[in-house]
Protein chains: 2
Amino acid sequence: MVTRRDLLKGSSNSLLLSLLEQQPMYGYQIVKELEARSQGYFKFKEGTLYPALHRLEKSGLITGRWQTLPNGRQRRYYYITAKGLAKLALEKSQWQDFFTAVKLILQPDPSSP
Amino acid sequence: MVTRRDLLKGSSNSLLLSLLEQQPMYGYQIVKELEARSQGYFKFKEGTLYPALHRLEKSGLITGRWQTLPNGRQRRYYYITAKGLAKLALEKSQWQDFFTAVKLILQPDPSSP
DNA sequence: TTGACATACATAGAATGTCTAAGTAAATAC
DNA sequence: GTATTTACTTAGACATTCTATGTATGTCAA
């Protein structure tokens, strides 16, 4: 059963999977992209991001591959897996349900009894 | 500063304040109302609800008053305070911002670059 | 070349909210 | 008379996020 708790604690997971669905990215890039795409709203800290990425990888939802740049620097790019895509689709619909439920409470229809 | 974490952990606070804004309620009633108004989505457990109510009361956002029913049973009714009303207004706008930010990530505009 | 800043990843530990689970107690329905 | 519903409380487990720190390199300006 889908619990409200899962949605809350899994919010960052959905955001990360959604980003990686569009293109593979590395950690630092993810921080910047999330901030840019949310118009400055999301500012992930390292202490949030990297443990989250490790969890997702351990769960098989993403896979990380080290890549070496021409200048010798190392980056770890993360790719979403088929399992991750399926999970993302599920979580998106769960988010929709959650939004709907919250709105029903915070913005009740005044015409209803 | 408003952090994402505050929104997540404070989600139940907003829901409770919003309910109590409409009318004073007691714990058991809140559980039933939340479930009814969210069309079955929210099913608060006692272990979530009562500590949350106690936190809100300690923060001065609600006040609880024991009332004795004709049959002798005791109920603790909670009333939203002026401080609670102000807090609720703030949190509603924060929720709106959060919704918007999440949607920007999960449902990016395909026409944007 | 020194310093400042951005890039890039990692992790220990604290704080906090939610859940499970158990306890207490009484009214009501069958 | 017993099962269900009402009604509140709290201890303890668990998970996520944050703060804070560490490591290391590249870039740019003074």
Side-chain angles (χ1 to χ4, degrees), chain A residues 1-17 24-36 41-59 61-62 64-78 91 98 101-102, chain B residues 1-17 24-36 41-59 61-62 64-78 91 98 101-102:
Chain A
M1 180 206 157
V2 179
T3 68
R4 181 165 154 278
R5 185 192 195 183
D6 289 332
L7 284 170
L8 296 181
K9 81 179 177 193
S11 66
S12 63
N13 288 355
S14 299
L15 296 174
L16 296 178
L17 289 175
M25 293 188 195
Y26 56 97
Y28 192 82
Q29 183 185 11
I30 289 173
V31 172
K32 298 301 174 191
E33 280 290 325
L34 272 178
E35 185 169 359
Y41 188 88
F42 290 118
K43 296 175 194 286
F44 270 53
K45 313 296 180 187
E46 294 100 320
T48 302
L49 177 69
Y50 291 107
L53 288 173
H54 299 162
R55 278 198 308 276
L56 289 173
E57 186 169 26
K58 200 174 172 185
S59 305
L61 304 176
I62 63 177
R65 293 176 210 153
W66 283 105
Q67 271 179 242
T68 306
L69 301 185
N71 62 21
R73 170 166 290 200
Q74 295 263 335
R75 280 179 184 161
R76 192 155 171 79
Y77 277 84
Y78 287 96
E91 290 192 350
F98 180 61
V102 171
Chain B
M1 180 203 154
V2 179
T3 68
R4 181 164 155 277
R5 186 191 195 184
D6 289 333
L7 284 170
L8 296 180
K9 81 179 178 192
S11 67
S12 63
N13 289 355
S14 299
L15 296 174
L16 297 177
L17 289 175
M25 294 187 193
Y26 55 98
Y28 192 83
Q29 184 185 10
I30 289 173
V31 172
K32 298 301 172 191
E33 281 290 325
L34 272 178
E35 185 169 357
Y41 188 87
F42 290 118
K43 296 175 193 286
F44 270 52
K45 313 296 181 186
E46 296 99 319
T48 301
L49 177 69
Y50 290 106
L53 288 173
H54 298 162
R55 277 198 308 276
L56 289 173
E57 186 170 26
K58 200 174 173 186
S59 305
L61 303 176
I62 63 177
R65 295 177 209 152
W66 283 105
Q67 270 178 243
T68 306
L69 301 185
N71 62 23
R73 169 166 292 200
Q74 295 263 335
R75 279 177 184 164
R76 191 154 172 79
Y77 277 84
Y78 288 96
E91 290 192 349
F98 180 62
V102 171

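Letters A, B, ... mirror the listed sequences (proteins, then strands); counts begin at 1.
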Of the listed D/dA7, D/dT19, C/dC9, the closest approach to the B/Arg75 side chain comes from D/dA7
note: A/Leu56, atom CG; C/dC9, atom C1'; distance rounded to Å ~ 16 Å
* Asked: Contact class for B/Glu46 (heavy atom, under 4.0 Å): base, sugar-phosphate, or nothing?
  -> base
Those residues at least two apart in sequence (or on a different chain) that pass side chain to side chain contact (heavy atoms under 4.5 Å, CB included) with B/Glu91 are B/Asn13, B/Ser14, B/Leu17, B/Lys87, B/Gln94
A/Arg65 CZ to C/dA8 P, in whole Å, measures 19 Å
Q) Under 4.0 Å between a side-chain N/O of B/Tyr26 and OP1 or OP2 of D/dA7, yes or no? A) yes
Residue set satisfying side chain to side chain contact (heavy atoms under 4.5 Å, CB included) with A/Tyr26, at least two apart, ordered chain then number -> A/Tyr28, A/Gln29, A/Arg75, A/Tyr77
B/Glu35 meets the salt bridge (charged side-chain N to carboxylate O under 4.0 Å, His left out) criterion, sequence neighbours left out, with B/Lys43
Sorted by chain and number, sequence neighbours left out, side chain to side chain donor-acceptor pair (under 3.5 Å) with A/Gln74 holds for A/Thr68
Fill in: Worked check of side-chain contact (heavy atoms from CB on, under 4.5 Å) between A/Ile62 and A/Leu16
CA-CA 10 Å; A/Ile62 63 177; A/Leu16 296 178; over 6 Å; no
Rounded to whole Å, CZ of B/Arg76 lies from P of C/dT24 at a distance of 22 Å
Take the angle between the ring planes of B/Phe44 and B/Phe42 and call it parallel below 30°, perpendicular above 60°, tilted in between. perpendicular
Tightest non-hydrogen contact, residues A/Tyr78 and A/Gly64, listed as CD2-CA, 3.6 Å
The contact string for nucleotides 12-18 of chain C, one letter per nucleotide 5' to 3', using protein heavy atoms under 4.0 Å with B, S and - for base, sugar-phosphate only and none, comes out as ---BSSB
Here the distance between atom P of C/dC9 and atom CD of A/Gln67, to the nearest Å, is 11 Å
Taken to the nearest whole Å, CZ/B/Phe44 to P/D/dT9 is 16 Å
A/Leu69 CG to C/dA8 P, in whole Å, measures 7 Å
Under a 4.0 Å heavy-atom criterion, the protein footprint on nucleotides 25-30 of chain C, written with B, S and -, is -BSS--
Residues passing the ring-ring contact (aromatic ring centres under 6.0 Å, His included) test with A/Phe98, sequence neighbours excluded, are A/Trp95
In whole angstroms, the gap separating P of C/dC9 from NZ of A/Lys45 amounts to 17 Å
Against the side chain of B/Trp66, the closest entry in D/dC8, C/dC9, C/dT11 is D/dC8
Below 4.0 Å: OP1/OP2 of C/dC9 and any side-chain N or O of A/Tyr50: yes
To the nearest angstrom, the CG-P distance between B/Leu49 and D/dC8 comes to 9 Å
